[in-house]
Each structure stands twice: as structure tokens, then as C-alpha cells.
Amino acid sequence: QVQLVESGGGLVQAGGSLRLSCAASGRTFTSYALGWFRQAPGKEREFVAAFSATGASTYYADSVKGRFTISRDNAQNTVYLRMNSLKPEDTAVYYCAARSRTTGPTIAGAYDYWGQGTQVTVSS
């Protein structure tokens with residue numbers, strides 16, 4: 001099993017940056033692949049970024065590609081989401097998630113464990 005706790009959210013102005021952290025306990029990153037999703041009020045949960053099953057490559061939603069970067073520190077069992085050039089449309093609750101499947105890095109249903117989320121609000 002895996003427990004995930006997000007942190008680092010907050011209120012920033014458009015164009016600003018934040019780095020979200022997701023601390024994992026339980027299984028190691030070699031056993032589970034990690035990803036980030038977000039959900040805005042009244043909208044569907046959407047994929048943001050993820051590692052491949054091996055951690056050798058990354059996936060990004062088109063809406064964040066070039067602005068967001070997913071990274072990890074295996075020694076600390078922590079995955080990060082660095083968000084630059086933030087836009088008001090990035091406002092959402094951000095969730096980290098872990099999956100045991102090697103497939104479906106961009107699909108929410110492929111993930112087995114979820115954090116409680118951290119709020120990111122971007123003002124114009």
C-alpha cells in the first residue's frame with residue numbers, strides 16, 4: 001500500500017511559480033509509478049504529468065507542457081511538480097497518485113492510490 005500527502009499549494013499571481021511536493025510512504029517508487037492530476041470546481045479531473053512505469057520518461061498534458069516539470073527524489077520518497085508561468089486556468093486542487101500498472105500513465109482510472117490534494121489558486 002501507499003500513502004500520499006501533497007503540500008506546497010497556495011495563492012500566486014499569474015506568471016508566478018509554485019513547487020508541489022508529494023510525500024509517499026509504504027512501497028518505494030520502484031514498485032509504483034507516480035503522477036499528478038488536477039480538478040477545478042465543476043470540471044472533470046484531468047491529467048497533468050506522470051512518470052512512465054520505469055521512471056525513465058515523462059508524460060505531460062498539452063496544456064502544461066513546457067511550463068510544468070515532474071521530478072522525484074527516490075531517497076526521500078517524494079515526487080515534485082514544478083509549475084512555472086502559472087495561469088488562472090491552472091487554478092485547481094492538485095492530486096498526486098500512484099499506480100502499479102505499467103500502462104495508463106495519463107488515465108486516472110489506472111491509479112491505485114491518491115493523496116488528499118493541495119489547492120493552487122492563480123490570480124490574474
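Predicted model, so just to flag it, every value in this text is computed and none were measured.
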Report yes or no: does [X] contribute a side-chain atom to a donor-acceptor pair with the main-chain N or O of [Y] at less than 3.5 Å?
{"X": "E6", "Y": "Q116", "answer": "yes"}
{"X": "T118", "Y": "S7", "answer": "no"}
{"X": "S63", "Y": "A61", "answer": "no"}
{"X": "S52", "Y": "S57", "answer": "yes"}
{"X": "Y111", "Y": "A33", "answer": "no"}

What are the two closest heavy atoms between [X] and [Y], and how far apart are they?
{"X": "Y60", "Y": "K65", "answer": "O-CE, 3.8 Å"}
{"X": "F37", "Y": "T106", "answer": "CE2-O, 3.9 Å"}
{"X": "P105", "Y": "A50", "answer": "O-CB, 3.5 Å"}
{"X": "A23", "Y": "T78", "answer": "CA-OG1, 4.2 Å"}
{"X": "V122", "Y": "T91", "answer": "N-OG1, 2.9 Å"}
{"X": "R99", "Y": "A53", "answer": "NH2-N, 3.6 Å"}

When you look at R19 and Y80, which way does the side chain to side chain donor-acceptor pair (under 3.5 Å) test go after all the steps? CA-CA 7 Å; R19 188 179 73 163; Y80 303 97; 4.7 Å; no

Passes side chain to side chain donor-acceptor pair (under 3.5 Å), Q13 versus S123? Steps please. CA-CA 5 Å; Q13 295 189 50; S123 62; 5.3 Å; no

Should [X] and [Y] count as side-chain neighbours, where that means a heavy-atom distance under 4.5 Å?
{"X": "L81", "Y": "T69", "answer": "no"}
{"X": "W114", "Y": "L4", "answer": "no"}
{"X": "N84", "Y": "F68", "answer": "no"}

Check for me, please, whether L34 and Y95 land in the same ILVMFWY cluster - side-chain distances under 4.5 Å, paths through other members count. no

Going hydrophobic residue to hydrophobic residue with side-chain gaps under 4.5 angstrom, can you get from Y113 over to L20? yes

Establish, for the pair R72 and F51, whether the NZ or CZ atom is under 6.0 angstrom from the six-membered ring centre and no further than 45 degrees off its axis. yes

Straight-line distance of L18 CG to D90 CG, nearest 0.5 Å: 10.0 Å

Distance col, row W36:CH2 vs M83:CE, nearest 0.5 angstrom, shows 8.0 Å

The test is side-chain contact (heavy atoms from CB on, under 4.5 Å); show your working for V12 and T121 and say whether it passes. CA-CA 6 Å; V12 298; T121 302; over 6 Å; no

Testing the 3.5 Å rule here: is there a donor-acceptor pair between the side chains of S100 and D112? yes

Kindly say whether the aromatic ring centers of Y59 and F47 come within a distance under 6.0 Å. no

Residue pairs meeting disulfide bond (SG atoms under 2.5 Å apart), one or both in residues 46-124, sequence neighbours left out, come to C22-C96

